[in-house]
Amino acid sequence: MEYNFREIEKKWQKTWEETNAYKVQNDFSKPKYYVLDMFPYPSGAGLHVGHPLGYISTDIFARYKRLKGYNVLHPMGYDAFGLPAEQYAIEHGVHPAISTEQNINNFRKQLDNIGFCFDWSREVRTSEPSYYKWTQWIFLQLFKSWYNISTNKAEYIADTLIPAFEKEGSKIIDGRRADLQPFTAEEWKSFSAKEQGDILMQFRLAFCDYGIVNWCEALGTVLANDEVINGVSERGGYPVEKKKLRQWYLRITEYADRLLEGLQRVDFSDAMKEMQTNWIGRSQGAEIAFEIFTPNSETRKTPINTAIPEYYQILKEHARENRKNQTVSEDILWQRLRNNQLGEKVRRQHPIQGYIADFAFLNSYLVVEIDGDYHNEKEQKIYDDARTKYLGEFGYKIVRFTHNEVENNTNEVIKTIKTALDEQHKTSSQPSPQGEGAIDSESPLSSRRGVGGEVLTVYTTRPDTIFGVDFMVIAPELELIDKIKSEAQTEAVDEYVAYVKSRSERERQAEKKISGCFTGAYAINPFNGKEIPIWTAEYVLAGYGTGAVMAVPCGDERDYKFAKQFDLPITNILGEKFDGENANATKDAILENSDFVTVKPMKEATEVILSELEKRGIGKRKVNFRMRDAAFSRQRFWGEPIPIKWIDGVAIPLNEKELPLQLPEVDSYKPGPEGQGPLANVKDWTDQHLETNTMPGYAGSSWYFLRYMDPHNDQAFCERNVSDYWNQVDLYLGGTEHAVGHLLYSRLWTKILFDLGYLGFDEPYKRLVNQGMIQGSSRFVYRLTLKITSIPEFDYSTLPQLFISRGIVEQIENNDINGMISSEAFAEFNSILQTERKKYSTFFIEPSSQAIAKLHVDVNIVDGYELDTEAFKKWKPEFANAEFILENGKYITTSEVEKMSKSKFNTVNPDELVNKYGADTFRMYEMFLGPVEQSKPWETKGIEGVHRFLKKLWRLVFDENKGAIWTEENPTDAELKTLHKTIKKVGDDIERLSLNTAVSAFMVAVNELSDLKCHKRAVIEPLLILLTPYAPHVAEELWQIFGNTTSILDAAFPTFEEKYLKESTKNYPVSINGKMRTNIEFALDADKAFIEETVLKNEIIAKWLEGQTVKKFIFVPGKMINVVI
RNA sequence: GCCCAGAUGGCGGAAUUGGUAGACGCGCUAGACUCAAAAUCUGGUUCUCGCAAGGGAGUGCAGGUUCGAUUCCUGUUCUGGGCACCA
């Protein structure tokens, strides 16, 4: 009986389907194991051999765990929302749901071929309303939650935040949001719905804000960074610019610390943990405020520091409240004074010393006060006088008006102020004001202001190098630039900023050419008053830190290069550690040229500087994260609708009973107006004020692993007792491309659902393994483009295309000079032409390297490197009359390893291989290719070897001529040794997912049993169980032939017994100076002295020792012997 | 540019903890069976010098640690993945 894999596989696949062999029950009494593959996107291109690699690995692991007695959940489904379907819809008018469904059906058919043990009754699709109902539901939970830093977890806003506001105002969130003004409980209650909504929005875990996107007007869409190339769209080459759009975000930054902490509790590779850690990018450093001056400003000395430091906090809060409760007259005056209308910047509600001035012209030392009538009362008069006197001592002059004057005689009032200002300007000597703080901004840091009231706040992780700062670099998109640029530099700065606008973030960072532009402004080193030029350059991104860096060229490579490029001076604070040629990022130098920290070690200096900065109120310690909040909306159609209505500018969540909010029918998938998504075109949608953005691709995939546990539940996304049972995913397998996107987001969702009490665990994946990519091995042919100069009106289409074999092309190219074919090579080539194809001999061919084009050819019509020329002619119509110049009678192609992709014609379809060799062979071969984690190019050739192995296994049971040859005899020691060696090896290998070496182990076992002529059931049957995860069909077939009545899928994995492997001797390798010279056999319990004596007497060893003394004798029991001479 | 990974025969890869480099398979090659081919079986196959016995070199490259390094350390080159709207 022959190994008829087609029949066998068909039979068992049918049987297993009929018996529901892969159906998984939520049977809480059994130990569970959860094996998961990363969610596939059902692409239209279908499956190629790279896709199943991970699925086969997990399939083997799942089947193995089942044999080990676990209740194994191994589900599959589809991440079915996505851009390709939408793009296809735009181009072909086909509803994405329809094309997606077709793709899924195709996908499924291909998967079924390979014999996976997925429980298909648990399949999920993110684009099904029954699924995205729960995606929307979870979104609402995020929307309704905030992160409470005192309990360190997410809580419902209605449970803890609003009650706190109602009870004690904004106390609970003090300092959390820079731009939020404190309020009292009463104020909270008096706020309008919009005001309350705006405040709450700043705390929601799913929130709305404005973000900058790559906008392509011509395409009417937002583009990803990699879709932007040199400032134009990859598709179509249209211009791209930055655009500010309202977007939804997830407040992942609140979870930065917990996402880091969680990494310590999971079994991910170090590389993966490192990548996530770097992505989160926690750094400890300082924010430092530098005064700025621009030389063309009127004065360089600036009146600042106007408040008494101790009062600053109190004054600030009062000032804020005052500004919120502006009187009519104050507002009128503000409108007339603001924006330099009188030629000078004015501040309102500004603290000066211990007071709050209504309006203050700091440069002119003029304060304007507006009083009600009660100021005329005696008590108030005394108070006012005292204030006037007090401020006078600090050089301020006060002018007063009543509300009445301002309201009814505004012009007069303005005139008076102007006069007073002029007078102040005439006053020559002004005492220098002292104290801290302007109030416009949230932080005391921002209060150090230079001319024009500007300050440069930088974030640095190295405050210790502050005396080495030679220049500042700020991100080109900072609005600050416009305020500080000098007149002389304005044109250059504007030009540079415009250039950067067209560049994607990626391009900006990857750019090797250093570019930048001086703004004309300077920052002042707060410690030594050094003037530091402020530059702008594309390598500094606005999104990180404050968008500004202090450049220390002696200690930072990038800063050093920048300084060299623009010929900026470099201050050496590192002493000998800086060689003047290369920056040295050391943290262990003794500082030099560093004022009060000179001679201090850097680590010590960091502390000194930090406390000094804090003491002076110009800097503070700060923990910074590189990670930004996750953008959670897309201006697209094919995604989950966001269950939010906008009523009078307030986001109102839909009632949970209204879910799912289904996608509407649309006429066109084209984008809406003003950069909005297609949903903005749907009248019925906008009439209901529904959100027109949809969710991004990672929404559905952030929680899908939970849905598999309880896929048909319409009361909850997953019942708590079910998720308690299945718990974490025990093994999660997928590519590293998801390292920071999907994995962080799903970890975030899990943590939030855990905080809110819907889950009992806060890390979704216990063990994560990254699979490598299967790359394509592309094949190329060379086409010669002929140019006939002798016949002017030559019809080229009549000419057959001419293809040259690789060797001949190389021959030509070896004589290549500067990219041109040399005349010698050309003559040679012509002579080849003449001998090979006489009919071309009259043609003259232009000697240009352009004449030869390298074209992709379908790998499926190439055998190794040899092209099947007949198949090639049939491949595409334009090649029907192709002519070939061969070498040794063959057309040899050239090859390159690339990504496997249809456009490169290097995809190999698993269906064809399964059809030719069977699913069992295909599965084993994919594994045999190499370690799961490693990327490797696909090569079909080796599949024969694996197929031969299965046939050889089959022949242990059946002989071609004799039929069944298996026996019931008792196994010998040698046979048992082989069996148990294999049990151990295969079990260990599967556990550590070394699936390729397990295949080798099977081969070794079958080779050994063949050599031993072993046909014994007692040996082969356990071997079949071992093989079941890899080749379930053939294993089941032989299992049944041996007379078993139950399925091998539920057999018990054989137990390894040490006793069969016991050895009493070891054949030791003996080395001289680490070089292996011979082997000598010793008993395992032989003692060192005996071994040393024997070794030194050994003929071969003695020869090497001749005339030498033995310096050392190394004996590692059970391993090796080394003689050192 | 930044972060992560990888590099071993003609090819895919093995060597699990620093201890015989190249298991297993492909390919190639010689042979058996056959009229022949396929299939199957047996032997050989890192390179190099040598008739052989045997020697030398060798895990991207340059160094280092060690009795001993594919394995650890430093530097470097190349390839692949990611860099926030591809999934």
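When reading the values below, keep in mind they use all heavy atoms of this one structure, side chains included, and skip hydrogens, waters and symmetry mates. Here is the naming used below: chain letters follow the sequence lines, and residue numbers restart at 1 for every chain.
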Is the phosphate of [N], meaning OP1 or OP2, less than 4.0 Å from a side-chain N or O of [X]?
| X | N | result |
| --- | --- | --- |
| Arg634(A) | rC85(B) | yes |
| Arg506(A) | rG82(B) | no |
| Arg948(A) | rU40(B) | yes |
| Asn770(A) | rG81(B) | no |

Assign the ring pair [X] / [Y] to parallel, tilted or perpendicular, where the plane angle (0 to 90°) is split at 30° and 60°.
| X | Y | answer |
| --- | --- | --- |
| Tyr917(A) | His947(A) | perpendicular |
| Tyr1068(A) | Phe1115(A) | tilted |
| Phe1002(A) | Tyr1030(A) | perpendicular |

Most 5' of Val1004(A) and Lys1112(A) on RNA chain B, judged by nearest nucleotide: Val1004(A)

Nearest-nucleotide 5' precedence on RNA chain B, Asp1011(A) against Asn1073(A): Asp1011(A)

Candidates [options] - which lies nearest the side chain of [X]:
| X | options | value |
| --- | --- | --- |
| Val1116(A) | rG19(B), rU20(B), rC86(B) | rG19(B) |
| Leu83(A) | rC86(B), rA15(B), rC24(B) | rC86(B) |
| Met1003(A) | rG25(B), rC67(B), rC83(B) | rG25(B) |
| Lys1119(A) | rC85(B), rG19(B), rG80(B) | rG19(B) |
| Arg955(A) | rC86(B), rA39(B), rC41(B) | rC41(B) |
| Thr997(A) | rU20(B), rA14(B), rA87(B) | rA14(B) |
| Ile1114(A) | rA21(B), rG81(B), rG19(B) | rG19(B) |

Nearest-0.5 Å distance, CZ of residue Arg251(A) to CG of residue Leu748(A): 12.0 Å

C1'-based separation of rC67(B) from rU16(B) [nearest Å]: 24 Å

Rounded P spacing from rU8(B) to rC4(B) in Å: 22 Å

Contact state string [nucleotides 4-13 of chain B, B base, S sugar-phosphate only, - no protein heavy atom under 4.0 Å]: SS------BS

Could you let me know what [N] is paired to, Watson-Crick or G-U wobble, both distances under 3.5 Å, or none if it's on its own?
| N | value |
| --- | --- |
| rU65(B) | none |
| rU71(B) | none |
| rG25(B) | rC11(B) |

Arg634(A)/Phe632(A) under side chain to side chain contact (heavy atoms under 4.5 Å, CB included): CA gap, chis, key distance, verdict: CA-CA 7 Å; Arg634(A) 302 289 183 260; Phe632(A) 198 69; over 6 Å; no

Under 3.5 Å donor-acceptor pair, Lys985(A) side-chain atoms to rU16(B) base atoms: yes

To the nearest Å, how far apart are [X] [atom1] and [N] [atom2]?
| X | N | atom1 | atom2 | value |
| --- | --- | --- | --- | --- |
| Asp629(A) | rC85(B) | CG | C1' | 16 Å |
| Tyr704(A) | rA87(B) | OH | C1' | 12 Å |
| Asn225(A) | rA87(B) | CG | C1' | 16 Å |

Close side-chain approach of Arg1077(A) to Val1070(A), heavy-atom, < 4.5 Å: no

Residue pair Thr997(A) / Asp989(A), side-chain donor-acceptor N/O under 3.5 Å: yes

Touch class at under 4.0 angstrom, heavy-atom based, for Gln247(A) against every strand present: base

Restricting both atoms to N or O, compile the protein contacts to nucleotides 53-60 of chain B shorter than 3.5 Å, with distance only.
residue, atom, partner, partner atom, Å
rG56(B), OP2, Arg1077(A), NH1, 3.2

Face-on cation placement of Lys951(A) at Tyr3(A) ring, 6.0 Å and 45° thresholds: no

ring-ring contact (aromatic ring centres under 6.0 Å, His included) between Phe39(A) and His742(A), intermediate numbers included: CA-CA 10 Å; Phe39(A) 222 9; His742(A) 159 67; 8.1 Å; no

